[in-house]
Every structure is written in C-alpha cells, then in structure tokens.
Student: 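I'd like to ask you about the structure that follows.
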Amino acid sequence: MKKKLFLLIISAVLLLVAACSGTEGNAESSSGGDEKQSGKPTVAVVLKGADQEYFKLAEAGAKQAFKDFDVNGKFLAASTQTKEQELINILEDLLTDKPDALVVMPSTESAIPTLSKYTDKDIPVLLIDTNLNWDEKLTYIGIDNYTAGQKAAEHLASLLSKGDEIAILEGVSGAAVNEERVRGVKDYMKEAGIKIATSQSADFDRTKAVNTMENILTANPGIKGVFSANDAMSLGALKATTSNGVNIPIVGVDGTADGLESIAAGEVTATVGQNPYNMSYLGVENALKAIKGESVDREIDSGIELITEENAAEHLEKVKEMLGKK
C-alpha cells in the first residue's frame, strides 16, 4: 500500500513539473542567456506572422544574429499576419519588459500608436520587411516593394503580348507590402499595354488562393497570366490552373523553398526573391549599433533578384541551409 502511494505521489510531481515547464505554441523564445545579465543588451524581434516559411526564415536570421552579436535576444510572433490585434497585444506586453531595442515586422499602420510608445521611452524601433509612413522609426530594412512589383511585371509582360489580360492575386488588404507590389505591377502593365482583368485578395494564403483563382478562371477564362503578391498564393494559383487544364505563366514574390522547388520543376514561372533571413539579421546588427550610440542608415536595402527555372535550384540550396535543412 505504501509503495502504491509513493508511486502516485511521484507521478503527480512529474505531471506538475511538465505543466509548469510547458509553453504555448511557437510564438515566443529567448536566446542569449539571462536577460538581466549586466552589460548585455536585450534586442527584441517581433514578426507579424509565424505560419509561413517566410517568417521561419526571418526567425532563423534573428536567432543567428542573437548568437553572433552576443545579445540577449527575445523573439515573438503573431500566429498569422491577418491578426493585427494579436501583434499589437504582443507589442504592448513586450513594452513592460523594456528591451533596449525593438526590431519589428509590422503589417499595417495600425501598429504605429503602439510603436510610438517605444520611442517615447527612448527605445529605438527598427522596421523590417514592411515600411510604415512613420517619422519616428530609426530605419527600414527590406526591399522596395514597388520595385519588386515592377520587376515581376516586367518578366510576366515579356511572356505575353500587348492587349493580353492578366489576373492579380493580392495579399492582405491594407498591408503596405501588398499595396506597393500591386501598384508596381499595375503601373508597369499599363505602360506595357497589358490589361488587368481582375485583382482580388487571397490574404497571402495558399488555400485561399486556390479558391480565389478558381473563381477568377470561371469569370475570366481568357486571362493569359497571373501575378501573385507572394509565393504561397502562386502555388495556390498553380493548383487551380492545373486542375482546370490551364497553362499560363505565374509570377510571384518571396523566394521560399516550396516556391523555388516548383519553379525549378518548371511549374510556377518565376518569383522576385527577397531575403527575410538577412532582414532580421541586419535588424539585430543595426539595433546593437543604435544601442551603442552609433549611426544607422535611415533605409537599408536587403536586395531582390528575379528567380526563374535557370537559377531556382541554386537559390533553393541557400534557403534550405538558412533553415537548417541541408
């Protein structure tokens, strides 16, 4: 009887320990040791989403920078980029920790009032991936999304004829990266004489893109090409066109592994590759400069490159290495 009671007590203790040490999801992690360590600055990196490979690449870059620059790193992310209030709540909660610098990938300008609370406390805020019309930011690190849209449109137009019609798959409505990419495409196509049959939102989501593209094909059977504002939607568009027996060029933006694999296989046509790993890495590096009182450029271009079937395999290897999959 005593032995049985002893075993029950041990089991209860183990369950209690497991419950206390558990975490909810992958939204938060820390790196770099004790955050209260004297002489070691704390840099927080917060992303607008965590549900796509693009964000995983940004996370990997941030965590590598935490190690390389020997800082107390704190990483957090909203579950998806459509949940703007979740991101704002994360930023509000983080403010109580008073990090020495904040590197943030926002979604829309709805985050500005909260970000201003950081600068009010003399905490430098560095934007990555998404630029905001906000004077208090220390810097923007990323690409010119209008230029990315123009580059994608240039390649797509080169595969079409004047007077042809295309469809546009937009990302999250109101998101700065989406608006700029789409504007770049529309401006270029107008000059090239290519018509926009329709432009519809699929929230940067692969599954939503399948359904949206199905509807577009039904309503616009004569379209000759597709621009999608990210690779996930390109893959959704590919699934819809393939199932409908339609073979038209699809060009996106990002350069994620799934997209690159499809391009290398001759399925999705091309993407304008960017480097979220480098954005967050540079974010941490320049945050440390700001903490030390060193100057930081107002804008830092992380670079873009057109990726087609000819160079997709090479880029795929690089992405896999960043994600630790090589």
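This chain uses plain numbering: 1 for the first residue, then up along the sequence.
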Student: Do Val172 and Asn178 touch side chain to side chain, with heavy atoms closer than 4.5 Å?
Tutor: no

Student: Show the nearest heavy-atom pair for residues Ser280 and Ala58, with the distance to one decimal.
Tutor: OG-O, 2.5 Å

Student: Is there a side chain to side chain contact (heavy atoms under 4.5 Å, CB included) between Tyr146 and Gln150? Walk through the geometry before answering.
Tutor: CA-CA 6 Å; Tyr146 180 85; Gln150 291 253 298; 3.5 Å; yes

Student: For Ile291 and Ala101, which heavy atoms make the closest approach, and how far apart are they?
Tutor: CD1-CB, 3.9 Å

Student: Side chains of Lys48 and Thr130: donor-acceptor distance under 3.5 Å anywhere?
Tutor: yes

Student: Do Glu86 and Ser79 meet the criterion of a side-chain donor-acceptor pair at a distance under 3.5 Å?
Tutor: yes

Student: Look only at the side chain of Asn311 and the backbone of Ile307, and say whether a donor-acceptor pair between them is shorter than 3.5 Å.
Tutor: no

Student: With distance as the sole test, does Ser243 use its side chain to make a donor-acceptor pair with the main-chain N or O of Ala240 at under 3.5 Å?
Tutor: yes

Student: Answer yes if Leu76 and Leu115 sit in the same cluster of Ile, Leu, Val, Met, Phe, Trp and Tyr residues linked by side chain heavy atoms under 4.5 Å apart, and no otherwise.
Tutor: yes

Student: Mind listing the closest non-hydrogen atom pair of Pro249 and Leu160 along with its distance?
Tutor: CG-CD2, 4.1 Å

Student: List in chain and number order the residues that pass side chain to side chain contact (heavy atoms under 4.5 Å, CB included) with Ile263, two or more places apart in sequence or in another chain; answer none if no residue qualifies.
Tutor: Val268, Thr271, Ala312

Student: Taking the side chain as C-beta and beyond, is there a heavy-atom pair between Leu132 and Ile112 under 4.5 Å?
Tutor: yes

Student: Backbone N or O of Ala209 within a donor-acceptor pair of the Thr212 side chain at under 3.5 Å?
Tutor: no

Student: Return yes if a side-chain donor-acceptor contact under 3.5 Å exists between Ser110 and Glu84, otherwise no.
Tutor: yes

Student: How long is the straight-line distance from CG of Leu57 back to CG of Leu47, given to the nearest 0.5 Å?
Tutor: 11.0 Å

Student: State whether a side-chain donor-acceptor pair under 3.5 Å links Asn133 with Glu109.
Tutor: no

Student: Say you draw a straight line from CD1 of Ile304 to NZ of Lys151; how long is it, rounded to the nearest 0.5 Å?
Tutor: 5.5 Å

Student: Atom CG of Asp203 and atom NZ of Lys208: how far apart are they, to the nearest 0.5 Å?
Tutor: 4.0 Å

Student: Answer whether the closest heavy-atom distance between the side chains of Gln52 and Gln81 falls below 4.5 Å.
Tutor: yes

Student: Kindly check if the number of other-residue, nucleotide or ligand heavy atoms within 6.0 Å of CG (Asp120) is above 12?
Tutor: yes

Student: Is it possible for you to say whether Tyr118 and Val104 belong to one hydrophobic cluster, with membership spreading through side-chain heavy-atom contacts below 4.5 Å?
Tutor: yes

Student: If I take atom CD from residue Glu179 and atom CG from residue Asn145, how far apart are they, to the nearest 0.5 angstrom?
Tutor: 11.0 Å

Student: Do Lys83 and Leu87 come close enough that some side-chain heavy atom pair is under 4.5 Å?
Tutor: no

Student: Please tell me if the side chains of Leu126 and Asn286 come closer than 4.5 Å, counting only heavy atoms from C-beta onward.
Tutor: yes

Student: Do Asp129 and Tyr54 have side-chain N/O donor and acceptor atoms under 3.5 Å apart?
Tutor: yes

Student: Can you get from Val251 to Val246 by hopping between Ile, Leu, Val, Met, Phe, Trp and Tyr side chains that sit under 4.5 Å apart?
Tutor: no

Student: Honestly curious: do Leu306 and Val177 fall in one hydrophobic cluster under the side-chain, below-4.5 Å linking rule?
Tutor: no

Student: Measure the CD1-OG1 distance between Ile141 and Thr139 for me, rounded to the nearest 0.5 Å.
Tutor: 5.0 Å

Student: Any donor-acceptor pair under 3.5 Å linking the side chain of Thr218 with the backbone of Glu214?
Tutor: yes

Student: For the residue pair Gln274 and Asp254, confirm or rule out a side-chain donor-acceptor distance under 3.5 Å.
Tutor: yes

Student: Regarding Glu170 and Ser201, do their side chains bring together a donor and an acceptor under 3.5 Å, going by distance alone?
Tutor: no

Student: Testing the basics here: between Pro41 and Leu288, what is the closest heavy-atom pair and its distance to 0.1 Å?
Tutor: CG-CD1, 3.6 Å

Student: Using the rule given for side chain to side chain contact (heavy atoms under 4.5 Å, CB included), can you reason through Val46 versus Leu102, listing the C-alpha separation, both sets of side-chain angles and the distance that settles it, and then say yes or no?
Tutor: CA-CA 8 Å; Val46 181; Leu102 171 67; 3.8 Å; yes

Student: Given side chains that start at C-beta, do those of Met233 and Asp205 come closer than 4.5 Å, heavy atoms only?
Tutor: no

Student: Would you say the side-chain atoms of Thr42 pair up with the backbone N or O of Pro99, donor to acceptor, closer than 3.5 Å?
Tutor: no

Student: Answer whether the closest heavy-atom distance between the side chains of Val43 and Asp100 falls below 4.5 Å.
Tutor: no

Student: Taking all non-hydrogen atoms of both residues into account, name the closest pair between Ala153 and Tyr188 and its distance.
Tutor: CB-CB, 3.6 Å

Student: Flag yes if more than 12 heavy atoms outside Lys224 fall under 6.0 Å of its NZ atom; otherwise flag no.
Tutor: no

Student: Under the criterion side chain to side chain contact (heavy atoms under 4.5 Å, CB included), I'd like the reasoning laid out for Lys186 against Ser199: C-alpha separation, chi angles, the key distance, then a yes or no.
Tutor: CA-CA 10 Å; Lys186 287 182 175 179; Ser199 186; 4.0 Å; yes

Student: A side-chain contact here means heavy atoms from C-beta on lying under 4.5 Å apart; do Ile88 and Thr114 qualify?
Tutor: yes

Student: So Glu53 and Lys56, salt bridge (charged side-chain N to carboxylate O under 4.0 Å, His left out) or not? Walk me through it.
Tutor: CA-CA 5 Å; Glu53 185 189 277; Lys56 300 299 181 188; over 6 Å; no

Student: Within 45° of the six-membered ring axis of Phe75 and under 6.0 Å from that ring's centre, is NZ or CZ of Lys63 located there?
Tutor: yes

Student: Asp164 vs Lys195, test: salt bridge (charged side-chain N to carboxylate O under 4.0 Å, His left out). Steps then yes/no.
Tutor: CA-CA 6 Å; Asp164 282 347; Lys195 299 176 181 178; over 6 Å; no

Student: Can a donor-acceptor pair be found between the side chains of Asp68 and Tyr281 at a distance below 3.5 Å?
Tutor: yes

Student: Let's go through Arg181 and Phe227 carefully: what are the C-alpha distance in whole Å and the side-chain angles of both, what is the deciding distance for side chain to side chain contact (heavy atoms under 4.5 Å, CB included) to 0.1 Å, and is it a yes or a no?
Tutor: CA-CA 10 Å; Arg181 290 173 193 176; Phe227 166 75; 4.3 Å; yes

Student: Same cluster for Val182 and Val253 if Ile/Leu/Val/Met/Phe/Trp/Tyr side chains link at under 4.5 Å?
Tutor: yes

Student: State the NE2-CG distance between His315 and Asn275, to the nearest 0.5 angstrom.
Tutor: 10.0 Å

Student: Could you walk me through whether Arg206 and Asp258 pass the salt bridge (charged side-chain N to carboxylate O under 4.0 Å, His left out) test, one step at a time?
Tutor: CA-CA 11 Å; Arg206 184 170 178 170; Asp258 285 350; 3.7 Å; yes

Student: What pair of heavy atoms forms the shortest contact from Thr119 to Trp134, and how long is it?
Tutor: CG2-CH2, 3.9 Å

